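The block underneath contains the structure these notes are about, expressed in structure tokens.
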Amino acid sequence: MSIVVQKYGGSSVADVTRIRQVAERVMRTRRAGHDVVVVVSAMGDTTDELLALAKQVSPNPERRELDMLLTAGERISMALVSMAIRELGGDAISFTGSQSGIITNDRHVDARIIEVRPYRVQDELARGKIVVIAGYQGVSYRREVTTLGRGGSDTTAVAMGAALGAEYCEICSDVDGVYTADPRVVPTARRIGSLSYEETQELAEAGAKVLNAQAVEFAKEKGIAIYARATVSPLPGADPSSDGTVVRRFPPRMPGSVVGVASERDIVMIESSAPGADLLAFLDRRQVAGKQLHASRETLSMVVSRENLHEEPRLRAGLAEQFGARVRLVDDLGALSVVGAGINGSFDNVRRGTAALESAGISSRDIATSSFRITWMVDRAKLDEAVRLLHATFLEQPGPALP
Ligand code: ADP
Ligand code: ASP
Ligand code: MG
């Protein structure tokens, strides 16, 4: 029998009614003749609530203890979903990340999966069971419990799919696929039928949280097809790109065209005139991951995502103590990106985007490009407006000829 991995996000298991709906969808998949592995997130906003609770007790919570706390969220869902499946006559068993063989490094709070040893999962599938796995968590070689960074249940699902040789991995959410922009911000955004791994990874890294970037990276490496779909959608039919998004190798695409706009609000920009090597070593010691590093002879800047940064007061104090006024944290910017394969073949897209922003009075502090992405750092207060503007510019109207 072919194996299907289905991941259900927090909103899909937010209450008992939705948990029952998930169980019904799992049973339908089972009846269609598949072995089913289900990966679940914590119910609703549980992870945010647990984090808020931790910060009431300690403004700089220790990472190991955070992992012990946060993994409890997914553990609740896995047990409830398993019970709900059993109520419908299915034979389900739940496993934590550790029991399912998700082995990670020991970087608490944003650990990476090193290998998957899915023996217990395989044994239970062979016994005809439906296996329900707690997403977002694993265990290190030292047997420490870890979490995979926010949105990490997607990564659990893809890694498990790869280890089991699954036919595909479904990521089921409150939205029926990857859109040209966050549909909550841009009402005119459209669903994209198929996307390449690279485009999806760039969109995810630029803030489109419908899929987790590390999960897409995993899928690309292992050649696993991802189907992003709504939990309320039917099971994938002959053409899953007709009512969801399929992420795979080489989808048909006009080279150089923008496929989507994404933004990240919760960031801080570090600007430094201190010796670059000292600052980078300081950040590595505290396991602070930066991106968009830009270093010239005298200055260095980078963007730090707040998503997995849970000890900000300590970080700020440490930076002030070691570097004084030579390091500055800029905290009023957001990152605005457009993504598409080959979009920087010429500077057409950079010029078009910058001109559109300027004509609306939105100035950009910094521009960075890669072969798949252009990112403007703009005033955070104008970020959503800027997303709508670039969506209108690149995805709602044909491009005007530029001088
Ligand atoms: P889940 O809990 O199912 O993992 P997430 O909240 O992590 O769900 O991701 C789904 C949300 O991602 C959607 O509700 C949507 O607002 C947001 N989102 C951001 N960018 C996009 C995009 N480009 N396409 C679709 N959804 C997006
Ligand atoms: N519950 C975790 C989070 O909120 C993991 C996930 O939902 O994928 O980030
Ligand atoms: Mg998610």
Side-chain angles (χ1 to χ4, degrees), residues 6-14 18 22 39-52 66-67 69-78 97 102 109-111 133-138 146-159 170-193 195 199-216 226 228-233 244-245 247 258-266 305-308 310 336-340 383-384 387 390-391 395:
Q6 295 178 333
K7 176 258 173 176
Y8 294 97
S11 54
S12 306
V13 293
R18 286 181 227 206
V22 163
V39 174
V40 288
S41 292
M43 295 172 71
D45 296 327
T46 301
T47 307
D48 287 331
E49 287 160 13
L50 291 174
L51 269 171
L66 266 183
D67 278 348
L69 178 71
L70 296 179
T71 47
E74 270 68 12
R75 197 168 173 142
I76 294 171
S77 311
M78 78 179 196
I102 307 275
V109 174
D110 62 348
I133 297 175
Y136 175 56
Q137 52 181 268
T146 53
T147 59
L148 306 175
R150 297 306 306 268
S153 297
D154 297 356
T155 316
T156 305
V158 175
E170 257 185 286
I171 305 287
C172 301
S173 185
D174 57 357
V175 56
D176 60 348
V178 182
Y179 276 59
T180 49
D182 186 343
R184 288 179 208 245
V185 178
V186 184
T188 49
R190 301 180 303 272
R191 183 175 48 77
I192 309 169
L195 273 170
E199 288 164 335
T200 315
Q201 198 178 336
E202 290 280 359
L203 277 171
E205 264 161 22
K209 72 171 187 157
V210 57
L211 286 175
N212 173 284
Q214 211 191 123
V216 183
I226 299 183
R229 304 175 66 76
T231 298
V232 295
S233 73
T245 297
V247 182
V258 170
V259 293
V261 184
S263 66
E264 193 176 359
R265 174 177 298 277
D266 219 5
S305 207
R306 282 214 170 90
E307 199 176 51
N308 297 310
H310 302 297
L336 166 69
S337 303
V338 297
V339 169
L383 190 59
D384 285 353
V387 169
L390 289 199
H391 191 270
L395 291 146

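Order of listing sets the numbers, starting from 1, for every ligand and every atom in it. Quantities reported herein were computed from a predicted structural model and do not represent experimental measurements.
Closest to atom 7 (O) of ligand 1, if we only count protein heavy atoms, is K209 O, 3.4 Å. Of the protein's non-hydrogen atoms, the one nearest atom 12 (O) of ligand 1 is V210 N, 3.6 Å. Nearest to atom 9 (O) of ligand 2 among the protein's heavy atoms is R150 NE, 2.7 Å. In this structure, the protein non-hydrogen atom closest to atom 2 (O) of ligand 1 is G10 N, 3.1 Å. Atom 7 (O) of ligand 2 has S41 OG, 3.1 Å as its closest protein atom, hydrogens excluded (heavy atom only).
With 3.5 Å as the limit, one finds a donor-acceptor pair spanning the side chains of T147 and D67. Between D176 and S233, the side chains place no donor N or O within less than 3.5 Å of an acceptor N or O (distance only, hydrogens not considered).
Interface atoms of ligand 1 facing Y179, defined by a heavy-atom separation under 4.0 Å, are 22 (C), 23 (N), 24 (N), 25 (C). With ligand atoms numbered from 1 in the order given, ligand 1 contributes 24 (N) to contacts under 4.0 Å with heavy atoms of V178. Close approach of ligand 1 to S173 is summarised as follows: ligand atoms under 4.0 Å from at least one heavy atom of the residue are 1 (P), 3 (O), 8 (O), 10 (C).
Two residues are said to be in side-chain contact when any heavy atoms from C-beta on lie closer than 4.5 Å; R184 and D384 fail this criterion. Side-chain contact between T231 and D174 is absent, with no heavy-atom pair separated by less than 4.5 Å. Side-chain contact between V261 and L395 is present, with at least one heavy-atom pair separated by less than 4.5 Å.
Interatomic distance, T156 OG1 to K7 NZ, rounded to the nearest 0.5 Å: 9.0 Å. Rounded to the nearest 0.5 Å, atoms NE2 (H310) and CZ (R150) are 7.0 Å apart. To the nearest 0.5 Å, the span separating CD1 on I133 from OG on S77 amounts to 13.5 Å. Here the CZ atom belonging to R191 is positioned 6.0 Å from the OG1 atom belonging to T245, to the nearest 0.5 angstrom. Here the OG1 atom belonging to T47 is positioned 5.0 Å from the CD atom belonging to E74, to the nearest 0.5 angstrom.
The shortest N/O to N/O separation between G207 and ligand 1 does not fall below 3.5 Å. The shortest N/O to N/O separation between R184 and ligand 1 falls below 3.5 Å. For G151, a nitrogen or oxygen atom sits less than 3.5 Å from a nitrogen or oxygen atom of ligand 2, counting backbone and side chain alike. Considering backbone and side-chain atoms alike, S12 places every N or O at 3.5 Å or more from each N or O of ligand 1. Of the polar atoms of D182, at least one N or O is found under 3.5 Å from an N or O of ligand 1, judged by distance alone. Looking at ligand 2, you won't find any N or O of D154 less than 3.5 Å from one of its N or O atoms.
Summarising the contacts of atom 13 (C) of ligand 1 with D174, I171, L195, the nearest heavy atom is found in D174. With atom 25 (C) of ligand 1 as the reference point, the heavy atom nearest to it among C172, G177, G152, A208 is part of G177.
Within the 4.0 Å heavy-atom cutoff, K7 counts among the residues contacting ligand 1. G152 counts as a contact of ligand 2, since one of its heavy atoms falls under 4.0 Å from the ligand. At least one heavy atom of A181 sits less than 4.0 Å from an atom of ligand 1.
For the pairing with L195, the side chain to side chain contact (heavy atoms under 4.5 Å, CB included) check across V216, V178, I226, L211 returns one residue only, V178. Each of T180, V338, V339 was scored for a side chain to side chain contact (heavy atoms under 4.5 Å, CB included) with V258, with one residue passing: V338.
When non-hydrogen atoms are compared, ligand 2 lies under 4.0 Å from the backbone of S153 as well as from its side chain.
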